[in-house]
Amino acid sequence: MKAICTIAAGLLYTTALAQEVAERPLVAEAYAAGGAFLVRDGGLSINEWRAMLPGSSLLRDDLPTRTFNYPWYGPPGFSGPGSLGPGITRSSAGVYLAVGLDLDRTAPADARFEKRLRAGITFGAAEQTTSTWARSLTGVYDTLVSQSTGTMYELDSTWTDSYIATVSRSRVALDGTFILRKATQRRFSWYVGGGALLGLEHDARAEVSRTITRFREEGRNSSSFESNTLSEESFRLGPALLLGAHALIGIDLRLGKTSPFWSSLHLFTEWRRGLLVSSFPGVAARLGSSTQQLIGLRVDLH
């Protein structure tokens, strides 16, 4: 009789536990974050720019052979605005929204890790790719003589002819990521994961310009710089698909430990490294390495 009661109690406990698990919602978390995207893909060659912008008359000119994959507006050593380095595509801050699906709702309460499938969408704007072709000529235009020592100082002037091509576009992508997170009641925790994204590059605009710049030494560690744009062209481009894969590592900060409300809120930061396949209209798809950082808020929904 005692054995029967024990079995019956066990069955009742198991049934109650199963009902409790079954009532746990699939959607466990919500995410809202901001971040920026950098892609290193080697830049675009002049033939690729011409294929993408067949209507450009400036790109049909006899372009200088000196090539830069970022904006360049002056002589050697002059740091032009927007210079990130060769072959780097930059983007302004974007928005990331997602929900976390509980993949292991039957796991015991003392499980060491939590498994989540994060399904989200990413919006990004003002992603830019720029190339510059320039020729320059430097010469002495004046000489200064020190009144105290009689030393002569030559002042240089540099003339530069630059062709600058820039394409900017926005991004929208579906993002699926598997997360393995350390289960803990402490304020700090960590997680790792990996995923993929599928999206669209849209609202693309291209501009081509020819600019003459003059950089002049004035003496006493001063200088002058002026720039004149001779011609400009603008184009609208069609959309293009993109596909990516990434691995990630993140740090999570719980905002409270006793209050149910504050305990459900988490600040997180996440670093992603991956590969991205994208293309421009008229240009073959290209493979690049990508870097993304997210900073945002996670909310536990149960």
Side-chain angles (χ1 to χ4, degrees), residues 35-74 79-95 122-135 160-174 197-213 227-244 274-292:
F37 219 99
L38 287 178
V39 179
R40 183 182 293 274
D41 59 11
L44 293 167
S45 68
I46 178 57
N47 290 332
E48 289 173 324
W49 278 106
R50 286 168 173 165
M52 180 171 59
L53 304 175
S56 171
S57 60
L58 286 175
L59 292 180
R60 291 199 298 269
D61 288 353
D62 183 16
L63 299 181
T65 57
R66 190 175 186 183
T67 303
F68 305 85
N69 288 316
Y70 52 97
W72 186 85
Y73 303 102
S79 178
S83 300
L84 287 177
I88 293 182
T89 299
R90 58 177 180 169
S91 67
S92 61
V95 177
T122 299
F123 302 93
E127 175 186 303
Q128 291 188 348
T129 299
T130 302
S131 293
T132 302
W133 302 266
R135 60 173 66 92
T160 303
D161 182 12
S162 302
Y163 289 77
I164 305 171
T166 300
V167 59
S168 62
R169 51 188 183 171
S170 300
R171 170 187 292 127
V172 58
L174 299 176
L197 61 86
L198 174 64
L200 190 69
E201 304 274 14
H202 64 98
D203 192 26
R205 303 169 184 267
E207 296 181 352
V208 185
S209 64
R210 184 184 180 188
T211 303
I212 301 295
T213 61
S227 176
N228 296 308
T229 300
L230 301 184
S231 181
E232 290 182 304
E233 299 173 333
S234 297
F235 304 91
R236 293 294 299 269
L237 303 177
L241 292 175
L242 65 90
L243 177 67
L275 298 175
L276 193 70
V277 178
S278 62
S279 64
F280 295 89
V283 179
R286 53 204 301 110
L287 176 65
S289 61
S290 63
T291 302
Q292 185 181 22

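Both backbone and side-chain heavy atoms feed into the values below; hydrogens, waters and symmetry mates do not. What you are looking at is a predicted structure, and each value in this text was computed from that prediction instead of being measured.
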Check whether any side-chain heavy atom of [X] lies under 4.5 Å from a side-chain heavy atom of [Y], and answer yes or no.
X      : Y      : answer
Met52  : Leu44  : yes
Arg286 : Ser278 : yes
Glu201 : Leu241 : no
Thr211 : Thr160 : no
Tyr163 : Trp49  : no

Nearest-0.5 Å distance, [atom1] of residue [X] to [atom2] of residue [Y]:
X      : Y      : atom1 : atom2 : result
Leu197 : Leu174 : CG    : CG    : 9.0 Å
Arg50  : Leu59  : CZ    : CG    : 6.5 Å
Ser227 : Ile212 : OG    : CD1   : 9.0 Å
Glu207 : Ser56  : CD    : OG    : 12.0 Å
Arg169 : Arg205 : CZ    : CZ    : 14.5 Å
Thr132 : Leu63  : OG1   : CG    : 11.0 Å

For Leu58, does its backbone N or O pair with a side-chain atom of Glu233 as donor and acceptor, under 3.5 Å?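 Checked: pair present.
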Okay, side chain of Arg171, backbone of Thr122: is any donor-acceptor separation there less than 3.5 Å?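 Between the backbone of Thr122 and the side chain of Arg171 there is no qualifying donor-acceptor contact (under 3.5 Å).
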Tell me the closest heavy-atom pair linking [X] and [Y], and the distance in Å.
X      : Y      : result
Pro281 : Gly238 : CG-O, 3.5 Å
Ala134 : Ser162 : CB-OG, 3.6 Å
Leu276 : Gly244 : CD1-CA, 3.8 Å
Ser290 : Val39  : CB-CG2, 4.2 Å

Considering the options Asn228, Asp61, Asp161, which one meets the side chain to side chain donor-acceptor pair (under 3.5 Å) requirement together with Arg210?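 For Arg210, the side chain to side chain donor-acceptor pair (under 3.5 Å) check succeeds only for Asp161.
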Verify whether one side chain among Gln128 and Thr166 offers a donor that lies under 3.5 Å from an acceptor in the other.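 On atom types as modelled, these side chains do not qualify, holding no pair under 3.5 Å.
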Side chain to side chain contact (heavy atoms under 4.5 Å, CB included) assessment of Gln292 paired with Leu38: CA-CA 6 Å; Gln292 185 181 22; Leu38 287 178; over 6 Å; no
